[in-house]
Every structure is written in structure tokens, then in C-alpha cells.
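Basis for what follows: all heavy atoms, side chains included, without hydrogens, waters or symmetry-related copies.
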Amino acid sequence: GPEFSFRHLLELELHHFSDDVYDIVDQSVKESKIEAKLEGIRKTWSKMTVDFDNNREDCPLLADLSEVLERLESDSLEMLSMTSQGRFIEFCKQTVDEWSEKLQTVDSVLQVWRKFQTNWCRLEPIFMQSDDIRSQLPEDSKRFEMLDNSWKDLMMEASRSSLIVEICTADGRAQTLEDITDALDTCERSLNDYLEQKKKAFPRFYFVANGALLDILSNGNTPLKVAEYLGDVFDGIRTLDFSKDPVMGRVACGHCAKDGEFVPWPADPGSFVLEGPVEQYLAGLESHIRLALREILEQARTSAESWELGDRPRETWLDDYCAQLSLLATQVIWTEETTRAFEDMEAGSETAMRDYKRVNDDRIDKLIRRVQRESNKELRTKVITIITIDVHSRDVIESFVLQKVNEANDFRWGSQLRFYWTVYPPGSTLVSFTPPQQKTCLIKICDWATCYAYEYIGNVGRLVITPLTDRCYITLTQALNLCLGGAPAGPAGTGKTETTKDLSRALGLPIVVFNCSDQMTYQTTAQIFMGLAQVGAWGCFDEFNRISIEVLSVVSTQYKSVLDAIRANSKTFLFVDEELRLVKTVGAFITMNPGYAGRTELPENLKALFRSVAMIVPNLKFICENMLMSEGFTNARLLAHKFVTLYSLSKELLSKQMHYDWGLRAVKSLLRQARQA
């Protein structure tokens, strides 16, 4: 009491028992701290509330729990610390055990609750509002209805109280959540199996997000709504032309690109009727667009004869055809004319190649003059794209003249991408995307050949082709010839990904670019390879060495099974215990920035599946000359030389401060303004 003093301590002779007193006092202090902490936790959690989101009248939902979970984590650690105190909690062990169990229950229930709510919100509109899913998965739809009713009853009951401990520890609450979670997992597995069937029927669905895919499937009977998602399925297409059936949208007669280009389909193959299951008519649409593009290419190739006859100059001829096929027809004509020049030289005409070089110069000058007076953005882009490839074609012919290349079997001619309009070679194992009896575009480079794939890409530009690009094309195509993937490696800004994409555009192949990260799993990569193999598309894995080493080890097995099937010339193959069809144009390309922190060294068995390509800083002179020509400068070669000399001197002589940038991006930014100047 208050009258207790130091005299009483001396009378008790406690100083003779100092060790015992110390132990008793120490235990008392610790028990006091534990008691205070326990009381604080008990008071906090006895009054801890949880908020509900009442935006839905039929089912209140848990609101944001971030503060609750943060406090739960810290208090759970405190309780864990208390239970390790041994003899110091004997006086309140029952209370400690009680609240430790309550907090563990709250933690486990909230984890299940939050996960279930997230999945329920995602799946509820699918199973409850999608007629397609309800008809295709009737048993799982009934199962979902039952768990949906249980979930709503649970949430209505829980929302009557706001105390979180009371809500989470209610009798049977944890068991009810476990039961409906198991039912929901069963529904989700059935849904994934259903989506997998749809993906196999139309493999481009592998590259569509599940949300968009479900929208496509649920609106399969309404092509106008499905058309809104065509950009997710076909990289270059935004929508279809339904002018023949604007109300129902059942009949399409053309397609529109994302950049605004419109391509009407010719009379043969004509219009396309979108009916039946959505995956079937989308697969039919894919084939129909390829046939339409082949027919337009044939018309462009035939009408190109008017160049020589003088009936229609080339610079206006290209107005009649979309950018992709205008360029392709130009490349076919260039290949034929170059071959003819070689034949003339072998027949004794020594100036045939020099004369053809002048023809190339004249055609480029006319296109440049067209750019100078053209204000239509779409047409300018088309002309600039053709100029870009024309300049490279002109440079190839010029190198033949300077190096006195006289024979068509010379490697310097064989190492170029050559485009031939011919009948599909009898007995060939090449993949043809058009009927074998019709002529198609055959592409050759060195001893590798492929048929043009007629994937619509839109009115997009093409990269300036430098000697580095040529060598990269040779290496990547020879990798495919050896049934390997390609691995461009080099510093940032050297065009690893863009060169791969540009080659796929030149071949008319679809390409999908994946930005890799350490979050990718072997299931993710399996889905990607399943899609690529069945579509026959290329996959470009950007920053591939950011994937974790454990996943990379599995990727090597996955991709090896694809390559083995290509070598065996199989039409189907076994992949992850499933039999898939194989389109042999499939290819995988990985890009890496060596030496960066956080990058994984590739396993040796994975390195062996890819042919490496060393990418270096591109030649600015070629790029400057090409861009200046594209902006309407006829004396672009002299201007490019001056420009590169100025930038090179500036880079060497000026200081290395951050605001000085003499790289490729700065050059391109300045040259884009050249026309306005």
C-alpha cells in the first residue's frame, strides 16, 4: 500500500535473497507486459469491424481489407511471440491460446473468403448470364447456381454483424466456405476444359485473354459483337465490312485495318457468311482472307505489266491495291526483272544490269515526287513503305554492277529475299496456305524456301534494310532451315525484336511478341507453344533471360518437342500429353540484353535449340538516306553523308553530358521533321 517504505524492505531482509527477488520481479515485469499486450489485442479485435460493399442489392461483398490484414499480420506475430514465452504466460495461457486460435481462424477464413469472392465475381456473369456457357455446361451451371445461392445467403447473414471475429468464427462458417470453394473450383476446371476445346478448334484463341474469349463465345451468334474483338484475334484487322448485311452482320465483304486501310474482297472468293459456331466461322474467315489476298496479289501481278507498256505508271498503279500487296507485287516484279537481267548478261548484253539500275533509279525518283505532292496520310505511308524496300533493291542492283556479278547462281544474289510467282512445287513439303493448283508467291533465300502465308498486316511501315539486316535475315532463315529457333542478342536499340517482326512481315507470317518476366510459369509457356504450333505463327520472346531458371529448363523440353515434330515432318505431335496438329511454319525467337542485372544464364540444353545472331549498332547512313528519300528529298545520298558526318563529329568532340544524344532515336526524331523544314 501507500504506507510501504524502504524501512519495511530492510525489516523483511530482502537483500539477503536478491537473486530470488530479481527472478520474481523480472517475471512480474514480463507478465505485466504480456498482460498489457494481450489486453490490447483482445480489446482491438473485440471491436474490429469489417466493411461491406452494398452496391449489389442481392449480395453485399467484402470491402477493402488492407488495414485489417496488416493489423492481423502484426498481431498474429505478437501472439506467436507470446506463446514462445514459456513460464511467463502460465497465468494467462488459456486466454493466449483462445486469442491465438481466434486470430488463426480469422486469417485462414479471410484468405479463403477473399479468394472465393474474387473468383466468384469473375465467374458469376459467365455462368449466370452467358446462354452459351449454360447450354454447353449444364451440370456445372446448376452446380454454380447452388453455390451462388449458398454464397449469397452466407454474405447476407455475415453482413448483419460488423465484428470481424464474430463473423469469421461463426459456427460452420469455415466449413461452408470450404464447400462452396470446392464447388467453384470444379466449375472453373470445367470452364477451362471447355475453353481448351475452343482453343484447339481455333488456335488463335490461345493468344486472347480469357475475359475477351468468353465475350466472343457468349456473343458467337452476333457477329457484329464478335467483330469488336477481331483485333485481338488478327493482328492487322480492326473489323469487317458488313455493308451487305448491316443489321444482322452475317455477310462480310471486306475488312478494315487498325490503321484505317480498307480492303474489299474480290468477286472470287467473294463475300463470306458468318454462321455456325464462332470458332468455326472464325477459322473459315482466316482461310477466306488468305484466299482474297492471294487473288488480289494475282490481279496486282497481272496489272503490273502496264508499267512496261506505259499504260499505267507504277506510281499511280499502287493506288488500286492495299499497301501489303502493292509492296509484295513490286518485290515479285523486281525478282523477275533481276533474273531477266542476269539472263540477258549471260546472252551477251554487258550493260543489262547497269540499264536495270537506271530503271530502279527512275522509279524511285517518281515515287519521291509523288510523296512531295501527296497529302493523304494513308497513301503517303504506302508510298514511303515501297520507297524503303525499293532503295534496298536499288542498292542490291548497284552492288551487282560494281562487283561485276554476272550469274544468277552467285551467292550475292542467292542471299537476298527473292519472291517468285509460281505454281506450288509438286511433291514439296512446304506449307501452302492456298489451294495447290493455284499460283502462289514462293520466297527463297540461300537454300531455304517457304510459301507466302498471306497474313494481313495492314498499312504498316517497314524497316530500312541495311547490310546488318541482310545478314540477320540469312541467319534467322538458316536457323529455320536447320529446325532451330533464332536468338538475336545485343545492346538495346539494335533492332533485335523489330528485325524479327520485319522478317515475319516480309514472309506474310503472323508473329506474337511476348514480354518475358520472372512471373512466367511453365504452364504459361506451354499455352504459348500450343498456340504457336497450331497456328504456324512465330513467337518472339523479348528479354527471354528474365524468366527463372526453373521455368527455362522446362521450356527447353517443350520447344524441343515442337522442333522434333518439324524434323519428322509430322502433321500432329504429342505435347504435354495432348495430341496437337502442327503447322510447320512455327518458329520461336528469343531476344536478350546480355550483362544486365537480374538476367538468367540460359541452360546449355536450351542454348542448343537456338541459333545466335550478334546484333550491333546499325549503319546510320543507310537509315538517313532512306528516311530522307521517303520525305521527298531526291539528293538524299549526299545529304545523308553530310548528316552522319555532322552527328559523328558531334558525338566525338562534344562532352558526354546527358542532354547530348547522338543515337538512332535522336536521328530518327530529327529526320521526321525534315519534310516540314
Side-chain angles (χ1 to χ4, degrees), residues 45 48-69 72 101-199 209-222 225 277-278:
W45 285 97
M48 180 73 75
T49 60
V50 60
D51 295 328
F52 288 89
D53 183 353
N54 294 304
N55 288 332
R56 290 183 56 138
E57 295 181 0
D58 61 334
C59 181
L61 298 174
L62 290 175
D64 181 41
L65 293 173
S66 55
E67 293 183 7
V68 174
L69 294 173
L72 178 63
E101 184 179 354
K102 282 183 178 181
L103 291 186
Q104 286 178 8
T105 303
V106 170
D107 184 35
S108 61
V109 168
L110 284 183
Q111 282 186 11
V112 176
W113 206 326
R114 289 170 65 233
K115 182 180 179 181
F116 180 91
Q117 178 172 294
T118 302
N119 291 338
W120 177 83
C121 290
R122 178 169 53 86
L123 296 175
E124 192 258 351
I126 297 169
F127 280 98
M128 301 300 288
Q129 300 172 21
S130 172
D131 293 334
D132 178 67
I133 297 297
R134 293 177 70 83
S135 63
Q136 297 291 333
L137 303 173
E139 292 185 7
D140 292 286
S141 296
K142 290 178 182 177
R143 183 182 291 110
F144 191 89
E145 284 182 14
M146 294 175 62
L147 73 87
D148 183 68
N149 292 331
S150 300
W151 164 252
K152 289 177 179 177
D153 292 343
L154 182 149
M155 292 305 294
M156 293 299 290
E157 181 184 345
S159 63
R160 295 191 185 103
S161 172
S162 61
L163 298 177
I164 192 166
V165 175
E166 182 181 325
I167 292 171
C168 292
T169 58
D171 289 341
R173 183 62 45 81
Q175 187 60 45
T176 302
L177 278 171
E178 283 185 20
D179 292 342
I180 60 176
T181 298
D182 291 341
L184 187 68
D185 289 344
T186 303
C187 292
E188 188 169 14
R189 280 195 297 271
S190 299
L191 178 64
N192 289 335
D193 291 342
Y194 169 70
L195 293 181
E196 190 66 29
Q197 293 174 5
K198 297 295 183 181
K199 289 175 181 178
N210 275 356
L213 176 54
L214 288 165
D215 281 347
I216 292 171
L217 296 174
S218 60
N219 293 299
N221 294 325
T222 314
K225 290 187 177 179
V278 62

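In terms of heavy atoms, Val165 sits closest to Trp45 at CG2-O, 3.3 Å. The nearest pair of heavy atoms linking Phe52 to Ser161 is CE1-O, 3.9 Å. Considering every non-hydrogen atom in both Asp53 and Asn55, the closest pair reads OD1-ND2, 2.9 Å.
A 4.5 Å side-chain heavy-atom check between Cys121 and Leu61 finds at least one atom pair inside the cut-off. Residues Lys198 and Val278 are not in side-chain contact: their nearest non-hydrogen atoms beyond the backbone lie 4.5 Å or more apart. For the pair Phe116 and Leu62, the minimum side-chain heavy-atom distance is 4.5 Å or more. Using a 4.5 Å heavy-atom threshold, the side chains of Leu110 and Ile164 count as touching. Between Leu147 and Cys187, some side-chain heavy-atom pair lies under the 4.5 Å cut-off. With a 4.5 Å cut-off on side-chain heavy atoms, Asp51 and Asp64 do not count as touching.
With values rounded to the nearest 0.5 angstrom, Ile180 atom CD1 is found 11.0 Å from Asp185 atom CG. The CG atom of Leu191 sits 12.5 Å away from the OG1 atom of Thr186 when rounded to the nearest 0.5 Å. How far CG of Leu177 is from CD of Gln175: 9.5 Å, rounded to the nearest 0.5 Å. Going from atom SG of Cys59 over to atom CG of Asn54 covers 10.0 Å, rounded to the nearest 0.5 Å. In this structure, the separation between CG on Leu217 and CD1 on Ile133 is 6.5 Å, given to the nearest 0.5 Å. Distance check: Arg122 CZ to Leu214 CG gives 9.0 Å after rounding to the nearest 0.5 Å.
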Stepwise side chain to side chain donor-acceptor pair (under 3.5 Å) check, Asn192 with Glu196: CA-CA 6 Å; Asn192 289 335; Glu196 190 66 29; over 6 Å; no
Passes side-chain contact (heavy atoms from CB on, under 4.5 Å), Met155 versus Trp113? Steps please. CA-CA 10 Å; Met155 292 305 294; Trp113 206 326; 3.2 Å; yes
Determine, step by step, whether Lys152 and Asp148 satisfy the salt bridge (charged side-chain N to carboxylate O under 4.0 Å, His left out) criterion, reporting the C-alpha distance in whole Å, the side-chain angles of both residues, the deciding distance to 0.1 Å, and the verdict. CA-CA 6 Å; Lys152 289 177 179 177; Asp148 183 68; 3.1 Å; yes
Please walk me through it: do Ile167 and Arg173 pass side-chain contact (heavy atoms from CB on, under 4.5 Å)? CA-CA 8 Å; Ile167 292 171; Arg173 183 62 45 81; 3.5 Å; yes
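Crowding of Met128 atom CE: a count of heavy atoms from other residues, nucleotides or ligands under 6.0 Å exceeding 12. Heavy-atom contacts from other residues, nucleotides or ligands closer than 6.0 Å to CG of Asp171 number 12 or fewer. Around the CD atom of Glu101, the shell of radius 6.0 Å holds no more than 12 heavy atoms that belong to other residues, nucleotides or ligands. Within 6.0 Å of the CZ atom in Arg114, the count of heavy atoms belonging to other residues, nucleotides or ligands does not exceed 12.
None of Gln136, Lys142, Arg143 except one satisfies the side chain to side chain donor-acceptor pair (under 3.5 Å) rule with Asp140; the exception is Arg143.
A tilted orientation is assigned to the rings of Trp151 and Trp120, their planes being inclined by 30° to 60°.
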